[in-house]
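Step one of this worksheet: look at the structure below.
All values below come from the heavy atoms of this structure, side chains included, with hydrogens, waters and symmetry mates left out. We're numbering straight along the sequence, starting at 1.
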Amino acid sequence: MKSLYTKIAISAALAFSIGATAAAETVNIGGSDYEMNTVIDRELAPGVQYLRLRMPDYPLNINLLKVDVSNPKVKVETTVAKESSRGTELLTDAASRLASDGHKPVAAANGNFWALSSQTPDGGVFSGITRNASVRNGKIVTESNQYLDKWGNGVGTTRSGVVCITDDGKVYADSCTSAIRVTIGNKKMPVHLCNKGPKPGELCMYNSFYGEDTEFMPIRVVDNADNKKWYEKAPAGKCTEVLLDLKEGESWMGGREIRFQVKEVRSAAGTGTLGKHDLALVGNGNMYSEYYFKDVRPGDEVTLEYHWTFENNGVRVQPVVAQAIGGNAMVMRAGELTIHNSNEDYNSMVYSRTGYGCSEDNKTLYVIVIDKSTDPVYGKSAGCSTAVMSEIARHFGCWNLSNFDAGGSAEMMVDGEIINKTTESTPRPVANALMIFSAE
């Protein structure tokens, strides 16, 4: 039996096919005009508009969400697959898991890229972990590309896009700078990684998204048969582990200091576990055992801060971050297409697409998913480059736009169903997403 949403979609498509042309308009793509038809225009919840768009002459099937993040009846959250920093989950399963009274999931789309076992330089040790920023309800899941996973010739988040959402109803989508720091007494130190594993000279932090019983993962660098650097899990012994709990009244949140209290210090370690603690700091090498953590004792106070700094309309902004996801390149800034549409093969190729962006006033979140498939109701969709995606998003008021994981991962959920035709026979589980909830 077809779902109610499918029946509505089919009815709308049939109505359109027999002459409902009032919703037709023209959009300019690459200097050429194309007819664009609005097949569905539906309010999913207060402040959440869903558009099903069709460009018959291109052809393209487009799904677009416009979300008023300032609306108190709407909440946008990062979903993390099974609440774990490693692995994937169907969007529909995540929606069922997170649904509750006054917290109804109405829409979502896939988020970050994640590391595959075949990708260098980690040799599979970071497989399944999201690349770039991921923050859920204030708690960081993975760091941005400021250190290990620097994309774009090592420039990290000054190239790649990060989408941050604040609890006071603003969304920032742009390239940025980012940092994680801890302070113990008068010693300040950078945290290089979150829920991954430190190489010699690095500091990694672990929290509940890593798991209570999963061993920490110090890394060593080896040369493989092709004389290329490769990473593999290292034995314990050269790390110092500091276990901490949140101080009374403290909570996780990006963009401000969070206070912790030291509960335990483990020397000559590295493959311990978090257990019931809130945070673990694992430093690999003598600089941690002989300097940074040398005099640390149970009861000491530690502060942690992780933040993202945006150049927003010419003003430096460091928001208090409740939710965040990260893509690869920013493909549109201030309504203008960037060079990353043409200087990167992944973006210039014809592909299915997922993008996240924001309005100029930072009040509207844009989510766009474009198919490269043949939909049984709406027909063929040829796929497109990120430049085409950007021009379509701009037509509807998007100001900044970042490219996100595409291909078989490009999918949008509405009312508990994947409503686009993905490139695979069944929707793919993904590592994380932004999900929109209604309080009604």
Side-chain angles (χ1 to χ4, degrees), residues 1-27 29 34-69 71 73-74 76 91-92 95 104-110 352-357 359 364-384 388-398 401 410-423 427 433-438 440:
M1 180 179 294
K2 292 184 175 68
S3 69
L4 176 61
Y5 185 80
T6 302
K7 290 177 180 177
I8 293 173
I10 292 174
S11 298
L14 291 174
F16 173 76
S17 68
I18 60 174
T21 59
E25 55 188 310
T26 300
V27 59
I29 304 294
Y34 290 88
E35 181 182 279
M36 177 179 288
N37 304 308
T38 301
V39 181
I40 299 175
D41 183 350
R42 181 181 168 210
E43 185 182 72
L44 303 179
V48 183
Q49 181 186 17
Y50 165 63
L51 296 172
R52 159 71 81 162
L53 306 164
R54 173 73 179 165
M55 292 172 57
D57 295 331
Y58 197 94
L60 283 180
N61 294 325
I62 305 149
N63 291 279
L64 179 70
L65 294 168
K66 295 176 66 175
V67 184
D68 179 3
V69 295
N71 191 313
K73 295 183 178 180
V74 173
V76 181
L91 285 181
T92 50
K104 177 187 175 184
V106 296
N110 63 291
S352 58
R353 294 292 170 190
T354 294
Y356 281 91
S359 58
T364 303
L365 170 69
Y366 287 82
V367 188
I368 185 168
V369 173
I370 300 175
D371 286 349
K372 186 177 187 292
S373 59
T374 299
D375 189 280
V377 175
Y378 301 101
K380 180 180 179 180
S381 184
C384 64
V388 172
M389 175 178 70
S390 297
E391 292 188 281
I392 294 170
R394 180 171 60 187
H395 180 81
F396 288 93
C398 186
L401 186 71
E411 54 191 41
M412 183 177 287
M413 185 198 77
V414 171
D415 287 345
E417 296 183 30
I418 302 300
I419 47 82
N420 66 302
K421 177 62 176 162
T422 64
T423 61
L434 281 188
M435 190 167 290
I436 298 98
F437 295 86
S438 171
E440 291 193 335

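- Using modelled atom types, one side-chain atom of Y366 and one backbone atom of G397 make a donor-acceptor pair closer than 3.5 Å.
- Heavy atoms of other residues, nucleotides or ligands lying less than 6.0 angstrom from NZ of K66 number more than 12.
- Here N37 contributes atom CG and I62 contributes atom CD1; the two are 10.0 Å apart, rounded to the nearest 0.5 Å.
- G355 and M389 make their closest contact through N-SD, 3.7 Å (heavy atoms, listed as atom of the first residue, atom of the second, distance).
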Working note: L53 + F396, criterion side chain to side chain contact (heavy atoms under 4.5 Å, CB included); need CA distance, chi angles, decisive distance, verdict. CA-CA 11 Å; L53 306 164; F396 288 93; 3.6 Å; yes

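- Across C384 and Y58, no two heavy atoms sit closer than the pair CB-OH, 4.2 Å.
- With no hydrogens or angles considered, no side-chain donor-acceptor pair links N61 and D371 at under 3.5 Å.
- Under a 3.5 Å cut-off, the side chain of S352 and the backbone N or O of A410 do not form any donor-acceptor pair.
- Between V414 and N63, every side-chain heavy-atom pair lies at or beyond the 4.5 Å cut-off.
- Using modelled atom types, one side-chain atom of Y356 and one backbone atom of A109 make a donor-acceptor pair closer than 3.5 Å.
- At least one side-chain heavy atom of T38 sits under 4.5 Å from a side-chain heavy atom of E25.
- Counting all heavy atoms, side chain and backbone alike, Y50 lies closest to M412 at CE1-SD, 4.1 Å.
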CA sep, side-chain torsions, deciding dist, call: V27, E391, side chain to side chain contact (heavy atoms under 4.5 Å, CB included): CA-CA 8 Å; V27 59; E391 292 188 281; 5.8 Å; no

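- N71 pairs with exactly one of V69, D68, V67 by the side chain to side chain contact (heavy atoms under 4.5 Å, CB included) rule, that one being D68.
- If you take CZ on R52 and CG on N420, they are separated by 7.0 Å, rounding to the nearest 0.5 Å.
- In plain terms, the two heavy atoms of V74 and P46 that are nearest each other are CG2-O, 2.7 Å.
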Determine, stepwise, if the pair I392 / L60 fulfils side chain to side chain contact (heavy atoms under 4.5 Å, CB included). CA-CA 11 Å; I392 294 170; L60 283 180; 3.9 Å; yes

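- Separating the CG atom in L64 from the CG atom in D41 is a distance of 10.0 Å, to the nearest 0.5 Å.
- If you take CD on E35 and CE on M55, they are separated by 10.0 Å, rounding to the nearest 0.5 Å.
- Minimum interatomic distance between L91 and A433 (heavy atoms only, all atoms of both residues): CD2-CB, 3.3 Å.
- In this structure K380 satisfies the salt bridge (charged side-chain N to carboxylate O under 4.0 Å, His left out) test with no other residue, sequence neighbours excluded.
- How far CZ of R54 is from CD1 of I40: 13.0 Å, rounded to the nearest 0.5 Å.
- A salt bridge is defined here as a Lys NZ or Arg NE, NH1 or NH2 lying under 4.0 Å from an Asp or Glu carboxylate O, and D415 with R42 meets this definition.
- T92 is not listed as a side-chain neighbour of E417, based on a closest heavy-atom distance of 4.5 Å or more.
- The two residues T422 and S373 make their nearest non-hydrogen contact at O-CB, 3.9 Å.
- Judged by distance alone, with hydrogens and angles left aside, the side-chain atoms of N110 form a donor-acceptor pair with the main-chain N or O of E411 at under 3.5 Å.
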Test side chain to side chain contact (heavy atoms under 4.5 Å, CB included) applied to V388 and R353, step by step: CA-CA 10 Å; V388 172; R353 294 292 170 190; over 6 Å; no

